[in-house]
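Okay, so here's the structure we're looking at.
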Amino acid sequence: MKHSNEAGFFGGIQLSKKILAAITEMGFEEPSPIQTQTIPLVAAGRDVLGQAQTGTGKTAAFGIPIMEKLNPDSRQVQALVLTPTRELANQVAEELAKIGKFRRIKTLPVYGGQPIDRQIRALKFGVQVVIGTPGRLLDHIRRGTIKLGHVQTLVLDEADEMLDMGFIDDIEDILKAVPGERQTLLFSATMPLQIKSLANRYMQDPVEVSVSRENITVPLIDQFYYETRDRLDGLCRVLETESNARAIVFCRTKKGVDELTASLQARGFMADGLHGDLTQSQRDRVMKKFRDNHLEILVATDVAARGLDIEHVTHVINFDIPQDPESYVHRIGRTGRAGRKGVAITFIEPREFRQLKLIEKSTKTRIIRGQLPSSADILDR
Ligand code: ADP
Ligand code: MG
């Protein structure tokens, strides 16, 4: 059965005109599977443990029912969302602000690397939804500059990544600082044991919702690998044959990002790098250039690229093969988002073939061997 926006239903619940108008403006015509499954539960006040691949609309899965329920007349923080990185905090804050736009709900991203005074002023002025990274949130809690006594819903977004990044203690401290009478939602692309245990300790009778990865990511992303001893040359050939590419190229280390960025720039590509050693304003500038289409190629480390939702990424390129299958899934999830087609390319050296096979096996996908374009293909273009 299809619920059309016109009838006022989305994901099986009746939405107010204001929320409906907002999501229609965002181009949402039908709920994604994770949204269909979670929106009614969240609206009913249940604790939810939601698992779905990146790019499947988890933000709106919790964002729509939260924005529907909030009281815009109160200036208290009513929902708190934890995210692993600053970029994600910004991105989720933006998406929630769009959903809550016509209800005039105020959202505030709060993360390290941004002057704390400005955040303190904004918090004092009053916001209804705070989206933050665990470290900076805890800082505000300890300083007493954020009041969480009215929080009704707490969201742990991209929980697996927060744990990977070592935020477990901070998260537990924050969980203890919000009222016990609350709704807790946890979203993640994967559900390792550590997350189940966190859920057992801090959630009340959570409903588990899972949308399997096979049905979501794979059909939309064509996956190739190229075996070569000269990966830089291979990468340049691929980039030269693809006109209008908007690519994210992953490197294993920050140094690798810097070196590859310099090599690509020297060859005339519009490329820039993103990693954790850059200042916040440098990172913002690079992201803006990429979003505004002033860059063709974003070179990044895993951490810097976590969860980024950038529209129309045509290629995800693993210049360095990911360390493990989870990381592969996260990386290629940057393309083929929300029903668009994408290409994922992995460069390997001959000795990395086994690692590639391992990824193929545990992600249950086919990664096809590609033939590098020859110089003739490039000249012919
Ligand atoms: P996830 O958190 O699962 O990785 P996001 O919440 O970041 O995914 O959503 C990915 C993209 O899909 C975003 O650009 C979002 O606006 C878009 N999106 C989400 N839900 C829908 C929908 N129902 N219809 C169309 N686009 C959607
Ligand atoms: Mg997300």
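Quick caveat, the model's predicted, so the values are computed rather than measured. This chain uses plain numbering: 1 for the first residue, then up along the sequence.
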Spell out, as yes or no, whether a donor-acceptor pair under 3.5 Å connects the side chain of [X] to the backbone of [Y].
X      : Y      : result
Arg246 : Phe290 : yes
Gln204 : Asp47  : no
Arg86  : Arg283 : no
Thr38  : Ile34  : yes
Gln35  : Gly57  : yes

Just jot down the salt bridge (Lys or Arg N to Asp or Glu O under 4.0 Å) partners of Asp73, sequence neighbours excluded, or say none.
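Not a single residue meets the salt bridge (Lys or Arg N to Asp or Glu O under 4.0 Å) criterion with Asp73.
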Whether [Y] and [X] form a salt bridge (side-chain N of Lys/Arg under 4.0 Å from carboxylate O of Asp/Glu) is what I want to check.
X      : Y      : value
Glu95  : Lys58  : no
Arg121 : Asp117 : no
Asp258 : Lys254 : no

Only one of Leu186, Ile66, Leu96 clears side chain to side chain contact (heavy atoms under 4.5 Å, CB included) with Val155; which?
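Of Leu186, Ile66, Leu96, side chain to side chain contact (heavy atoms under 4.5 Å, CB included) with Val155 is met by Ile66 alone.
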Quick one: does [X]'s side chain get under 4.5 Å of [Y]'s, heavy atoms only?
X      : Y      : answer
Ile23  : Leu15  : yes
Val249 : Leu298 : no
Ile171 : Tyr202 : no
Thr190 : Ile195 : no
Leu232 : Arg267 : yes

Taking atom types as modelled, is there a side-chain donor on [X] or [Y] under 3.5 Å from an acceptor on the other?
X      : Y      : answer
Asp284 : Gln280 : yes
Ser74  : Gln128 : no
Tyr328 : Gln223 : yes
Gln114 : Gln119 : yes

Does [atom1] in [X] sit with more than 12 non-hydrogen atoms of other residues, nucleotides or ligands closer than 6.0 Å?
X      : atom1 : value
Lys18  : NZ    : no
Arg201 : CZ    : yes
Ile368 : CD1   : yes

Treating Ile, Leu, Val, Met, Phe, Trp and Tyr as nodes and any side-chain heavy-atom pair under 4.5 angstrom as an edge, say whether Val110 and Ile120 lie in one connected cluster.
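Looking at the clustering, Ile120 is in a separate group from Val110.
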Can you tell me how far apart CE (Met162) and CG (Asp157) are? Round to the nearest 0.5 Å.
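It is 7.0 Å, given to the nearest 0.5 Å.
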